Amino acid sequence: MRPLLSETKVTAQALKSIESFHPEIIAEIQKAISEHEWVVVGMNMNPVVKQGRKHLAQKNIAYHYIGRGSYFSAWKVRLAVKLWSGWPTFPQIFHKGILIGGASDLKKYLP
């Protein structure tokens, strides 16, 4: 696992800001991964997100999709997701609550 800055090295005000940075999207994803076997978090206009969704569809796997913004919008919401998961790109694909990774990781997970 990559090293994370210890909470003891972050001021209380900064921790409050981190905690309040788009908590609604994090809650939505947490709820989705607790209710659905497969969840894909992505964005519009991203061909890699489409590849991941297409791969699941080709395998006849039902999934829940959460899309937020495009290259031109909602970047802060997507940043909150990246900070929460630790995964730097989209899509973010979850199976049974576990982050698999992106589209290329999915293809290795489900050849």
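Keep in mind it's a predicted model, so treat the numbers as computed, not measured.
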State, with a plain yes or no, whether a side-chain heavy atom of [X] is found less than 4.5 Å away from one of [Y].
X	Y	value
Phe94	Ile98	no
Ile66	Ile29	yes
Glu28	His22	no
Leu79	Phe21	yes

(request) Assess whether side-chain contact (heavy atoms from CB on, under 4.5 Å) is satisfied between Leu56 and Leu106, documenting all intermediate values. (result) CA-CA 9 Å; Leu56 287 171; Leu106 173 64; 3.8 Å; yes
Do [X] side-chain atoms and [Y] backbone N/O form a donor-acceptor pair below 3.5 Å?
X	Y	value
Ser73	Gly69	no
Asn46	Met43	no
Arg78	Gly42	no
Lys59	Pro111	yes

(request) Please name the residue in the list Ile25, Val49, Val81, Ile33 that meets the side-chain contact (heavy atoms from CB on, under 4.5 Å) test with Val41. (result)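 In the set Ile25, Val49, Val81, Ile33, the residue that makes a side-chain contact (heavy atoms from CB on, under 4.5 Å) with Val41 is Val81.
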(message) Listing request: all side chain to side chain donor-acceptor pair (under 3.5 Å) pairs with a residue in residues 84-93, at least two apart in sequence or in separate chains.
(response)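 Output for this query lists Ser85-Gln92, Trp87-Thr89.
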(request) Quick one: sort the Trp38 and Tyr109 rings into parallel, tilted or perpendicular, breaks at 30° and 60°. (result)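 Judged by the thresholds at 30° and 60°, the geometry between Trp38 and Tyr109 is perpendicular.
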(message) Measuring from atom CZ of Phe90 to atom CG of Asn44, what distance do you get when rounded to the nearest 0.5 angstrom?
(response)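 The CZ atom of Phe90 sits 12.0 Å away from the CG atom of Asn44.
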(message) Just checking Glu24: does its CD atom have more than 12 heavy atoms from other residues, nucleotides or ligands closer to it than 6.0 angstrom?
(response)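 Result for CD/Glu24: enclosed.
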(message) A quick test of your reading: do over 12 heavy atoms of other residues, nucleotides or ligands sit less than 6.0 Å from CG of Leu4?
(response)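 For Leu4, atom CG is crowded (more than 12 foreign heavy atoms under 6.0 Å).
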(request) Report yes or no: is the cationic atom of Arg53 (NZ for Lys, CZ for Arg) under 6.0 Å from the centre of the six-membered ring of Tyr65, at an angle within 45° of the ring normal? (result)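 Judged by the rule (NZ or CZ under 6.0 Å from the ring centre, within 45° of its axis), Arg53 counts as positioned above Tyr65.
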